[in-house]
Number of protein chains: 2
Amino acid sequence: MKREKLRSERSAAPTLEDVAREAGLSPMTVSRALNNPAIVRPATVARVMLAVEKTGYIPNMLAGGLASRRSKLIAVVVPQINNNMFVDTIQAISDTLAQRGYHMLLCVGGYGSDSEAALVATLLSRKPDGIVLTGIHHAPALKKRLINAALPVVEIWDLTPTPIDMLVGFSHEKAGNLSARFLLSKGHRRFGLLWTSDQRALLRKQGVIDILQQHNECRFVEASVGLPATMRLGREGMQALLAGNPELDAIICSSDTLAQGAILEAQSQGIAVPQQLAVMGFGDLDFAACHLPAITTVAIDRWLLGQEAATMLANKIEGITISDPVRDLGFWLCERQSA
Amino acid sequence: MKREKLRSERSAAPTLEDVAREAGLSPMTVSRALNNPAIVRPATVARVMLAVEKTGYIPNMLAGGLASRRSKLIAVVVPQINNNMFVDTIQAISDTLAQRGYHMLLCVGGYGSDSEAALVATLLSRKPDGIVLTGIHHAPALKKRLINAALPVVEIWDLTPTPIDMLVGFSHEKAGNLSARFLLSKGHRRFGLLWTSDQRALLRKQGVIDILQQHNECRFVEASVGLPATMRLGREGMQALLAGNPELDAIICSSDTLAQGAILEAQSQGIAVPQQLAVMGFGDLDFAACHLPAITTVAIDRWLLGQEAATMLANKIEGITISDPVRDLGFWLCERQSA
DNA sequence: TTGTAAGCGTTATCAC
DNA sequence: GTGATAACGCTTACAA
């Protein structure tokens with residue numbers, strides 16, 4: 001009686017109880033029919049569906065999540081989204097998650113690990129069923145909190161034998177090694193490194209430098225640009241590199257975006273790529289293959305990365321055994337025209 | 001007694017009650033100290049903070065949202081995110097929302113309005129405090145549902161005098177008009193339209209065509225490419241256009257990405273841009289200004305769009321008066337080198 | 001197969 | 001300024 005009064009007073013989002021009344025069943029049966037129809041008599045399910053239709057019922061997952069301790073929510077933390085590198089991965093996560101009945105809470109956290117910790121704390125208050133973190137460097141307090149909460153975690157875009165929980169990524173150092181070896185094998189010896197300063201990019205740079213330093217006749221200079229890496233920054237950085245170092249014969253960039261800018265800057269200065277100067281990128285972004293000259297780069301499967309991350313998470317949440325909690329997706333060289 | 005047993009049995013996410021016990025206060029006082037410290041004695045607030053620290057308490061917003069009917073959650077529906085056009089807007093929304101204490105539930109819905117309706121239905125079950133929808137064309141059932149739920153809605157990236165609730169965007173037709181007028185004023189008469197097929201792009205195309213058809217001496221041909229628009233598609237589409245139509249003197253593209261592809265294809269065929277062929281894009285994506293030649297395009301403030309959308313939504317939710325529920329952000333021509 | 005009772009962790013509301 | 005009580009809308013656990 002009292003409840004019915006309340007219901008009509010509010011503008012009425014119908015509840016399970018309304019549906020139950022409409023169907024002449026108990027709320028619990030309606031709940032079952034909706035969440036686990038297999039254990040309800042088909043005729044009853046049909047009656048429920050009819051009542052749902054009639055009332056325009058939409059479940060309240062705040063209530064459902066509170067009661068069941070399963071929110072069907074996955075938190076995703078990335079440093080940036082206006083960065084072609086991450087976007088495909090995010091979309092893959094979103095797609096895969098949607099297929100499995102989860103929603104994605106997306107947080108753009110920047111590159112600071114302090115801010116990340118604060119951010120994740122607010123995210124945890126949503127009681128997500130799992131969380132995706134970019135990179136493997138996180139504030140110790142954050143790690144502890146996650147482990148404490150026994151929350152399924154996937155770290156992405158990086159590699160370590162000791163993830164918080166699960167991981168899917170690749171070795172940035174080795175990707176850097178590959179780029180350096182490739183250019184060395186092509187006979188280049190005077191390198192310019194055009195680089196942004198995010199953690200993973202710096203790992204790749206280290207990978208490059210490690211190889212270059214093994215060659216005595218080999219020299220390199222660096223130019224660093226800010227975040228996010230844009231084509232403009234690529235041009236500017238290239239300008240800086242070329243200004244003081246006319247002897248350069250190869251440029252390695254931390255991303256294809258920078259490489260594109262570098263190539264354009266070279267062209268605008270009348271320097272032929274790759275004849276006079278080789279330029280190499282990273283990421284195999286969609287424009288790399290059809291640029292002029294096509295950009296030689298190192299590719300990774302960004303989409304698969306997101307798909308795997310989401311799948312691992314959903315599996316773990318649902319108690320499906322995960323064959324290997326650390327997935328190394330690797331990378332491969334795309335030799336094209338620019339180097 | 002019974003409760004305390006339960007608490008220790010589980011792996012213990014501490015609750016308000018645990019904090020209250022620690023602080024020697026009632027849960028209600030702790031809740032107040034956390035959500036509205038102004039009405040609690042400062043000394044009490046301090047005690048609460050200490051207890052929060054000690055217990056490692058993280059609020060449960062599922063419970064909070066259920067009780068208060070405010071989820072502090074905003075649902076955002078976009079057709080794509082691996083599309084440079086939307087990404088800045090999404091990041092702006094995310095940033096602005098975060099500053100105001102909201103989280104973003106991001107859903108990638110594709111371009112179908114049926115799937116959008118289904119998707120929004122699942123989103124509504126999260127009881128978001130507001131929702132951002134891309135475009136103004138939505139399934140009637142969806143519109144009804146939203147109006148029924150009395151949910152604050154912002155439609156973005158489009159313009160109409162009759163939004164569901166609020167809107168921030170610009171007129172695609174008029175943007176199309178502008179492009180066409182500009183190229184006509186430059187003396188071009190033989191146009192190629194290189195276009196994707198999403199709704200908003202088609203509006204811009206119509207805007208172009210409307211102007212072109214007012215000129216008797218003016219002719220145009222079209223090439224359409226799929227979604228998402230990539231540089232590769234730009235090159236392919238351009239190839240198709242050039243193949244059958246050597247007389248073209250200007251190409252208008254539905255986006256800068258396509259324009260970039262078009263320019264490259266022209267260059268690779270030895271056609272000088274803009275001397276032999278003018279190419280114009282749309283969006284003023286970050287590479288447009290520093291491309292070679294720099295791409296002439298129509299710019300809109302994608303970041304502001306997101307910021308405004310988020311701000312309007314947060315204001316409406318918090319009862320702050322909104323001066324104008326329909327914000328036309330306009331657009332402007334960026335005359336550069338390619339046309 | 002269906003129903004009943006008791007929470008889930010918070011906040012609104014009304015006392016004190 | 002602080003506390004007790006009753007929701008919020010759903011699901012778990014158990015009974016029928």
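Chain letters run A, B, ... following the sequence lines, proteins first, then strands; residues in each count from 1.
- Bending across the helix from C:dT1-D:dA16 to C:dC16-D:dG1, expressed as the angle between its end axes from five pairs apiece, amounts to 30° (10° rounding).
- Between B:L34 atom CG and C:dG9 atom P the separation is 16 Å, expressed in whole Å.
- Take the nearest nucleotide of DNA chain D for A:L62 and for B:R32: the residue whose nucleotide is more 5' is B:R32.
- One can place CG of B:D18 at 11 Å from P of C:dC8, the figure rounded to the nearest angstrom.
- DNA chain D is contacted by both A:I58 and B:M28; B:M28 maps to the nucleotide lying nearer its 5′ end (nearest heavy atom per residue).
- Between A:G109 and A:S115, the closest heavy-atom pair is O-OG, 3.2 Å.
- The nucleotide whose nearest atom lies closest to any side-chain atom of A:R70 is, among D:dT11, D:dT12, C:dT11, D:dT12.
- In terms of modelled atom types and a separation under 3.5 Å, the side chain of B:E22 and the main chain of B:V52 share no donor-acceptor contact.
- The A:L25 side chain lies nearest to C:dG3 when the options are C:dT10, D:dG9, C:dG3.
- Backbone-only engagement by B:P59 is indicated by non-hydrogen atom pairs under 4.0 Å involving sugar-phosphate atoms exclusively.
- Atom-to-atom, CG of A:N60 to C1' of C:dG9 comes out at 14 Å; the value is rounded to the nearest Å.
- Among the nucleotides D:dC10, C:dG3, D:dT12, the one closest to the side chain of A:S26 is C:dG3.
- Atom P of nucleotide C:dG9 and atom CZ of A:R126 are separated by 17 Å, given to the nearest angstrom.
- In this structure, B:T96 contributes its side chain and B:A92 its backbone to a donor-acceptor pair below 3.5 Å.
- Side-chain proximity of A:T15 to the nucleotides C:dT11, D:dG9, D:dT2 is greatest for D:dG9.
- Distance CE (A:M61) to C1' (C:dT10): 19 Å, rounded to an integer number of Å.
- Close to D:dC10, at under 4.0 Å from its OP1 or OP2, lies no side-chain N or O of A:S68.
- Side-chain nitrogen and oxygen atoms of A:R47 include none within less than 4.0 Å of the OP1 or OP2 phosphate oxygen of C:dT1.
- The closest side-chain heavy-atom distance from A:L167 to A:V154 is not below 4.5 Å.
- Counting to the nearest Å, the P atom of D:dG9 and the CG atom of B:L124 are 15 Å from each other.
- Heavy-atom neighbours of A:E318 CD from other residues, nucleotides or ligands within 6.0 Å: above the threshold of 12.
- Rounding to whole angstrom units, CZ of residue B:R69 and C1' of D:dC10 are separated by 13 Å.
- With rounding to the nearest 0.5 Å, the separation of CE in B:M104 from CG in A:L105 is 8.5 Å.
- Judged by distance alone, the side chain of B:D324 and the main-chain N or O of B:R327 form no donor-acceptor pair under 3.5 Å.
- One interatomic measurement links the two molecules: CD of B:E17 to P of C:dC8, which rounds to 9 Å at whole-angstrom precision.
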